[in-house]
Amino acid sequence: MRRLLAPLVAFVVLAAGCAPARTGTLGPAPAGVSPTTGATTAPPATTPATIPSSRRPPPASPTSTTPVAPDESGGGGTITLQLWFTRDGRLAPTRRTLPATLATSRLALTELAAGPTRAEAAAGLTTRVPTDVQVVRIADGVATLAPPAGFGDGGAATTRLRRAQVVWTLTQFPTVRRVAFADDPPAGRADYADLLPAIVVTTPTVGDRVTSPVTVTGSAEVFEATVSVRVLDAAGREVGTSFTTAACGSGCRGDYRATVGYRVAATGPGTVEVYEVSPRDGSRVNVVAIPVVLVAAGR
């Protein structure tokens with residue numbers, strides 16, 4: 001009997017070893033299974049905790065304080081426009097922070113025509129842009145204007161300065177690179193760069209409240225690119241001084257940025273004065289005086 005069973009057992013084992021292997025995918029591994037510790041229970045799903053209203057961060061403010069593209073501003077908030085007026089026959093910038101509007105180009109032209117504030121006028125700023133200058137269209141980086149009757153009055157020099165105000169103001173917007181007056185060829189900032197003074201001050205502007213140290217920015221074309229700055233109190237006493245160099249010097253215009261510390265006993269009127277030191281006699285030349293409010297430390 002044992003002789004008969006032994007071959008039978010061997011046959012069964014051999015048949016099992018020769019069975020064809022099964023193919024196919026086993027699917028994804030079960031969730032929560034660790035290859036070393038065996039099966040575990042997956043943790044239950046959780047929902048994010050609710051943050052108490054007193055600890056929630058404030059919502060993002062809709063207010064914008066930088067120039068916005070013409071006809072692309074959203075409603076609400078404010079925008080800050082740079083307006084280019086004139087002083088002593090040259091271009092001079094200032095700023096306006098106004099309620100936001102969709103028609104920013106129209107707003108800028110309206111503010112140009114309205115002219116400087118009383119404080120800006122006292123500092124020598126004026127405008128030559130009349131009312132009713134309208135933007136007909138903005139396409140391919142060109143703003144086409146319809147100037148009103150009399151826009152060319154006053155002679156060639158006056159008309160050119162008037163156009164320069166409009167061009168330098170409208171081209172602050174990213175959608176405007178050049179400006180065309182009616183059917184005239186479009187012009188950009190470079191076409192009127194000769195109407196800039198030796199020193200341009202973009203910040204601060206007339207009437208700004210400044211704290212120490214005050215940051216002064218702009219562009220200049222001065223001897224050896226050296227731009228000097230001083231702060232004067234209400235009595236005209238020098239309470240802070242500094243200097244910096246522009247990115248380009250004699251024969252070319254470059255941007256500059258300077259910080260000037262000052263000390264005053266009380267908050268009150270003052271002046272930020274930017275100038276060039278004459279290489280001939282050391283005097284202050286090409287002076288740009290910006291009346292401001294000097295804030296005393298800790299106020």
Side-chain angles (χ1 to χ4, degrees), residues 67 70 80-97 104-105 107-117 119-131 133 135 143 145 147 151-174 176-181 184 186-208 216-222 225 227 229 246-257 272-276 285-292:
T80 297
L81 300 175
Q82 186 179 69
L83 304 177
W84 287 84
F85 290 133
T86 69
R87 178 168 44 207
D88 298 328
R90 300 284 178 174
L91 293 170
T94 190
R95 289 195 308 271
R96 294 280 189 279
T97 298
T104 52
S105 55
L107 177 62
L109 292 174
T110 300
E111 290 297 316
L112 275 184
T117 64
E120 290 167 344
L125 297 183
T126 186
T127 187
R128 300 177 184 273
V129 177
T131 58
V133 180
V135 176
L145 272 60
F151 190 83
D153 294 349
T158 297
T159 300
R160 188 165 184 266
L161 191 55
R162 183 179 294 134
R163 290 190 174 200
Q165 280 188 252
V166 174
V167 169
W168 274 75
T169 296
L170 291 186
T171 51
Q172 72 185 286
F173 303 119
V176 179
R177 297 187 300 276
R178 294 178 297 165
V179 177
F181 296 87
D184 292 346
R189 288 192 170 193
D191 296 291
Y192 299 101
D194 60 300
L195 292 177
L196 295 174
I199 297 175
V200 172
V201 180
T202 52
T203 57
T205 57
V206 174
D208 281 356
V216 183
T217 64
S219 67
E221 183 178 345
V222 293
V227 179
V229 184
C248 193
S250 304
C252 59
R253 178 171 295 273
D255 294 337
Y256 68 85
R257 181 184 182 91
V272 174
E273 203 173 77
V274 188
Y275 59 94
E276 174 187 4
V285 296
N286 296 316
V287 179
V288 180
I290 308 295
V292 295

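Just so it is clear, the values below take in all heavy atoms, side chains as well, and ignore hydrogens, waters and symmetry mates.
Counting all heavy atoms, side chain and backbone alike, Gly254 lies closest to Ala246 at O-CB, 3.6 Å. A pairwise comparison of heavy atoms in Val167 and Ala187 identifies CG1-O, 3.9 Å as the closest pair. The two residues Pro130 and Ala113 come nearest to each other via the heavy atoms O-CB, 3.4 Å. The minimum heavy-atom distance between Ser219 and Asp255, with the atom names listed, is CB-OD1, 3.7 Å. Listed here is the closest heavy atom pair of Val222 and Ala198: CG1-O, 4.2 Å.
Residue Arg90 qualifies as enclosed at atom CZ: its count of foreign heavy atoms under 6.0 Å is above 12. Within a 6.0 Å radius of CZ in Arg95, other residues, nucleotides and ligands contribute more than 12 heavy atoms.
Taken to the nearest 0.5 Å, the CD atom of Gln172 stands 7.0 Å off from the CG atom of Leu83. Here the straight-line distance linking atom CG of Leu91 with atom OH of Tyr192 works out to 10.5 Å at 0.5 Å rounding. Between atom OG1 of residue Thr203 and atom CD1 of residue Ile290 there is a gap of 9.5 Å, rounded to the nearest 0.5 Å. Here the CG atom belonging to Asp153 is positioned 7.0 Å from the OG1 atom belonging to Thr159, to the nearest 0.5 angstrom. For the atom pair CD of Gln82 and OG1 of Thr202, the computed distance is 6.5 Å after rounding to the nearest 0.5 Å. To the nearest 0.5 angstrom, Leu196 atom CG is 4.5 Å from Arg253 atom CZ.
For residues 154-169, the pairs satisfying salt bridge (Lys or Arg N to Asp or Glu O under 4.0 Å) are Arg160-Asp194, Arg163-Asp184, with sequence neighbours left out.
Between Glu276 and Glu221, the closest side-chain pair of non-hydrogen atoms is not below 4.5 Å. Between Leu170 and Ser105, the closest side-chain pair of non-hydrogen atoms falls below 4.5 Å. Within the 4.5 Å cutoff, side-chain heavy atoms of Ile199 are placed close to those of Val201. Contact check for Leu81 versus Phe173: side-chain heavy atoms found under the 4.5 Å cut-off. No side-chain heavy atom of Pro186 sits under 4.5 Å from any side-chain heavy atom of Val179.
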For this session: For the pair Trp84 and Thr171, evaluate side-chain contact (heavy atoms from CB on, under 4.5 Å) and give the outcome as yes or no after the intermediate values.
Result: CA-CA 11 Å; Trp84 287 84; Thr171 51; over 6 Å; no
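A salt bridge is absent between Asp191 and Arg178; no separation between the charged side-chain nitrogens and carboxylate oxygens falls under 4.0 Å.
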Counting only pairs under 3.5 Å, give me each side-chain donor-acceptor contact of residues 119-127, with atom names and distances, residues two or more places apart or in other chains.
unit_1, atom_1, unit_2, atom_2, d
Glu120, OE1, Arg96, NH1, 3.3
Glu120, OE1, Arg96, NH2, 2.8
Glu120, OE1, Thr117, N, 2.8
Glu120, OE1, Thr117, OG1, 3.4
Glu120, OE2, Thr94, OG1, 2.8
Glu120, OE2, Arg96, NH1, 2.7
Thr127, OG1, Leu112, O, 2.8
Thr127, OG1, Val129, N, 3.3
Thr127, OG1, Gln165, NE2, 3.0

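Applying the ring-ring contact (aromatic ring centres under 6.0 Å, His included) rule to Phe181 yields the partners Phe151; only residues at least two apart in sequence or on another chain are considered.
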